[in-house]
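Structure first, then comments.
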Amino acid sequence: MARAATRAATRAATRAAKRTRHQVDPVVTEIVRNGVIAVTEEMKTNLMRTAYNIIIYEALDFTTGLFTTAGETISIGIGLPMFIRGMAETVKAKIRHFGLAAMRPGDIYVTNDSYLTGSHLNHVTLTLPIFHRGVLVGFSCCMAHWLDIGGTLGGITTDIFSEGLQIPILKLHDRGAPNETLIEVIKQNMRLPSRAMGDLRAQVTAVKTGERRFLELVERYGRDAVLGAIAAIMDHSEVMARARTQSIPDGVYEAESFMDDDGIDVGKKVPIRVRVIVKGEEMVVDLSEVSRQVRGSFNSGVTTGHACSQVAYKCLTSPTDYPINDGSFRSLKAIVPPGRVVSAVRPAPMRWWMTYPMTIVDTVFKALAPVIPDRVIAGHHADLVIAACHGINTRTAEFFLANFGPLGGGWGAKRNEDGVSGTVCINDGDTHNSPSEQSEVKFPLVVERYALIADSGGAGRHRGGLGLERVVRARVPMTFNSHVERAHCKPWGLAGGGDASGNEVAIRIGGQWKTDFPNAKVLVAHLQPGDAFRMRSGGGGGYGAPLDRPIEAVEADAAQGYISVAAARDAYGVVLDAQNFAADRPATERLRAAMRDGVKVRRPRQSASA
């Protein structure tokens with residue numbers, strides 16, 4: 001009888017939300033709009049304050065969210081954009097698994113199923129049903145990256161079983177009581193169990209924060225008013241997305257790019273082809289021609305395939321509309337057949353799931369660049385550029401596992417402005433780089449160099465952003481791994497803009513740099529004290545013809561060290577004084593005229609200072 005009453009009350013709440021959808025108080029709606037954003041931001045803050053691993057509290061590799069009783073996104077705390085679909089689908093899967101009628105206050109559900117979340121096993125997702133006076137009103141959810149989830153450490157994995165502990169959909173808490181058996185199983189499979197348990201408790205804190213604050217909102221303004229406001233916010237998001245989609249000319253737009261390789265078939269390009277169909281106020285992103293799943297660990301699940309489309313669509317139609325919610329995507333359809341690199345099926349490996357999706361987003365922008373040049377950017381460096389190191393810290397005699405990154409790199413220029421420099425790639429959105437000081441304290445490493453890379457951004461009327469270089473020296477023997485992509489598929493320019501430099505990895509062994517790797521995947525390299533690794537992120541593509549860049553902008557770039565005197569001449573046709581970076585205007589006009597006419601101009605001998 002209690003279950004029947006709960007089902008009836010939940011149905012009544014849903015009907016009430018539908019009835020009030022067009023009768024909501026606009027003032028209350030705006031309060032709720034900002035209220036749900038505040039809830040998910042506080043969830044973020046509490047997770048950061050209580051997490052044990054630097055990848056959560058410094059890099060912010062997590063996302064928090066509130067969801068409806070149907071699993072629709074109400075608001076997510078900005079973190080990893082690609083989590084948006086994975087979190088929603090995980091909530092829906094838990095609803096299907098347990099059933100709304102079987103859910104109780106105090107329950108918390110957990111999983112890290114890669115084929116459900118779309119990402120790797122390190123992403124553990126907790127979901128808590130929110131009840132208001134016995135009625136289910138929504139869900140609080142948190143997906144966060146655990147530094148270790150077991151599995152093999154080095155090299156390229158070739159199936160999901162080698163990547164760590166798989167947790168199916170289970171109850172972590174049953175009406176408030178922890179599932180101690182499950183907790184012991186998790187602890188037993190972790191190399192650093194105390195860290196894992198700390199992060200698990202932090203996630204529990206986050207979802208309980210979401211529950212408490214959402215209930216305060218409901219108590220203050222009324223259940224029907226809050227649910228009705230949420231429905232109205234979603235409706236408004238849909239209207240705005242449809243209107244902006246309608247401003248894109250109807251048509252079928254296609255583009256292609258590629259990934260370097262899958263880490264196993266070295267040098268074999270992985271094709272990325274997208275088709276975007278715009279008709280009226282609706283858009284279809286067709287990923288049917290994206291490469292089939294690969295043998296190496298760069299696959300992701302189907303929810304990430306849909307997330308690629310959603311992230312691109314959000315950027316194009318409603319980038320500044322908040323909260324991020326499912327209403328924004330009602331006018332979008334994604335076609336993602338199974339068995340592609342962004343819809344891989346079991347037992348495909350998924351450890352580096354995040355790499356290919358961001359190039360797919362870049363390629364969607366590339367497809368639409370001819371018709372909406374004011375809304376897209378040129379290609380960006382599109383990789384986390386992470387170094388993974390492990391070994392024994394001789395100071396503490398303990399095992400350490402360090403993910404050094406994300407590094408950040410160059411983003412593509414727009415039609416009306418330069419690209420940004422040293423910024424984390426689009427997959428990770430609001431994540432941060434790891435502070436050098438924190439990393440040096442926690443791990444036996446020394447940062448020797450951390451700087452922008454001159455000439456790494458693509459030339460153009462608007463220059464692409466610059467990549468970063470970081471050199472890190474080992475203080476103890478350790479094993480180094482990098483799985484970096486886009487070394488060969490350089491971030492492309494648009495409308496005549498130049499390509500940027502790609503991502504690079506090198507290691508220093510015995511004082512000698514080794515740079516002749518066929519790609520940027522350096523696996524199981526053994527470093528001794530004094531050895532080092534060097535990570536260089538790519539730049540962003542340029543936009544527009546470089547010869548149209550104002551001379552004053554080229555002078556400023558050279559003075560800041562963003563471009564060299566040689567690049568100013570060769571790429572931009574600007575002749576600079578190597579000492580004060582002032583342009584020789586007559587010589588510049590002659591050079592630019594010759595370059596526009598296609599005349600090959602002999603470069604004068606440069607002094608060492610140039």
Side-chain angles (χ1 to χ4, degrees), residues 55 114 119-122 145 147-164 191 258-270 293-300 341 344 347-356 359 381-392 399-407 425 443-445 469-474 476-489 502-510 512-529 531-538:
I55 199 167
S114 288
S119 59
H120 52 195
L121 297 176
N122 299 74
H145 184 122
L147 190 60
D148 177 55
I149 198 71
T152 187
L153 283 176
I156 295 282
T157 51
T158 56
D159 62 43
I160 194 70
F161 304 105
S162 60
E163 295 184 346
R191 294 180 178 87
F258 65 91
M259 309 306 296
D260 296 341
D261 55 50
D262 69 349
I264 294 178
D265 294 320
V266 176
K268 182 181 178 180
K269 295 178 181 179
V270 180
Q293 65 190 58
V294 293
R295 290 197 298 155
S297 53
F298 293 89
N299 302 288
S300 53
V341 289
M350 310 272 273
R351 176 164 283 173
W352 289 93
W353 72 280
M354 74 295 287
T355 303
Y356 290 8
T359 292
H381 68 289
D383 197 280
L384 291 174
V385 197
I386 281 181
C389 305
H390 65 271
I392 301 298
F399 173 80
F400 73 90
L401 177 60
N403 280 345
F404 214 91
L407 182 57
C425 55
F443 307 116
L445 300 162
E469 176 183 84
R470 179 156 51 192
V471 179
V472 181
R473 184 174 76 248
V476 302
M478 63 181 64
T479 302
F480 168 83
N481 286 272
S482 73
H483 297 75
V484 176
E485 256 289 340
R486 295 289 293 272
H488 302 300
C489 179
N503 301 307
E504 300 176 24
V505 178
I507 56 174
R508 188 178 70 206
I509 304 291
Q512 299 296 315
W513 284 105
K514 179 176 174 56
T515 61
D516 57 343
F517 297 104
N519 53 29
K521 302 173 181 69
V522 179
L523 306 172
V524 198
H526 299 291
L527 305 182
Q528 297 300 318
D531 293 342
F533 59 86
R534 182 176 69 206
M535 314 292 287
R536 286 178 174 168
S537 58

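The structure presented is a predicted model; accordingly, all values stated were derived computationally and were not measured. For this chain, numbers begin at 1 and follow the sequence in order.
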#### Entry: Within residues 476-485 or reaching into it, pairs that qualify as salt bridge (charged side-chain N to carboxylate O under 4.0 Å, His left out) - sequence neighbours excluded
Glu485-Lys521
List the atom of [X], the atom of [Y], and the distance in Å for their closest heavy-atom pair.
| X | Y | answer |
| --- | --- | --- |
| Gly267 | Asp261 | N-OD2, 3.1 Å |
| Leu153 | Phe399 | CD1-CZ, 3.8 Å |
| Gly155 | His483 | O-NE2, 3.1 Å |
| Ala525 | Ile507 | CB-CD1, 4.0 Å |
| Val505 | Phe517 | O-CD1, 3.7 Å |
| Ser162 | Arg351 | O-NH2, 4.0 Å |

### Query
Under 6.0 Å from the NZ atom of Lys514, do we count more than 12 heavy atoms belonging to anything else shown?
yes
### Task
Test side-chain contact (heavy atoms from CB on, under 4.5 Å) on Asn481 and Val522 and set out the steps.
CA-CA 6 Å; Asn481 286 272; Val522 179; over 6 Å; no
Taking [X] for its side chain and [Y] for its backbone only, find out whether a donor-acceptor pair lies under 3.5 Å.
| X | Y | value |
| --- | --- | --- |
| Ser482 | Ala520 | yes |
| Asp262 | Arg295 | yes |
| Asp148 | Arg191 | yes |

Drop me the distance from [X]'s [atom1] to [Y]'s [atom2], to the nearest 0.5 angstrom.
| X | Y | atom1 | atom2 | answer |
| --- | --- | --- | --- | --- |
| Ser297 | Asp159 | OG | CG | 10.5 Å |
| His120 | Ser300 | NE2 | OG | 11.0 Å |
| Glu504 | Arg534 | CD | CZ | 7.0 Å |
| Arg536 | Leu407 | CZ | CG | 11.5 Å |
| Ile509 | His526 | CD1 | NE2 | 10.0 Å |
| Ile386 | Met354 | CD1 | CE | 6.0 Å |

### Query
side-chain contact (heavy atoms from CB on, under 4.5 Å) between Arg508 and Asp531: does it pass, once the steps are laid out?
CA-CA 5 Å; Arg508 188 178 70 206; Asp531 293 342; 5.6 Å; no
### Query
So among Lys268, His488, Lys269, Arg486, which one has a side chain to side chain contact (heavy atoms under 4.5 Å, CB included) with Met259?
Arg486
List the residues meeting side chain to side chain contact (heavy atoms under 4.5 Å, CB included) with [X], not counting sequence neighbours, and say none if there are none.
| X | answer |
| --- | --- |
| Ala387 | Phe404, Phe480, Phe533, Met535 |
| Ser114 | Leu121, Ile160, Met350 |
| Thr158 | Ile264 |
| Ala474 | Met478, Leu527 |

### Task
Check step by step if side chain to side chain donor-acceptor pair (under 3.5 Å) holds for Asp260 and Asn519.
CA-CA 7 Å; Asp260 296 341; Asn519 53 29; over 6 Å; no
### Intermediate values then yes/no, side-chain contact (heavy atoms from CB on, under 4.5 Å), Asn122 and Ile55
CA-CA 11 Å; Asn122 299 74; Ile55 199 167; over 6 Å; no
### Query
Do Asp383 and Asn503 have side-chain N/O donor and acceptor atoms under 3.5 Å apart?
no
### Task
In sequence, state the C-alpha distance, the side-chain angles, and the governing distance for Asn403 and Leu147, and then conclude on side-chain contact (heavy atoms from CB on, under 4.5 Å).
CA-CA 8 Å; Asn403 280 345; Leu147 190 60; 3.7 Å; yes
### Query
How would you list, by chain and number, every residue that makes a ring-ring contact (aromatic ring centres under 6.0 Å, His included) with Phe443, sequence neighbours excluded?
none
### Query
Where does the angle between the aromatic ring planes of Phe298 and Tyr356 fall among parallel (under 30°), tilted (30 to 60°) and perpendicular (over 60°)?
parallel
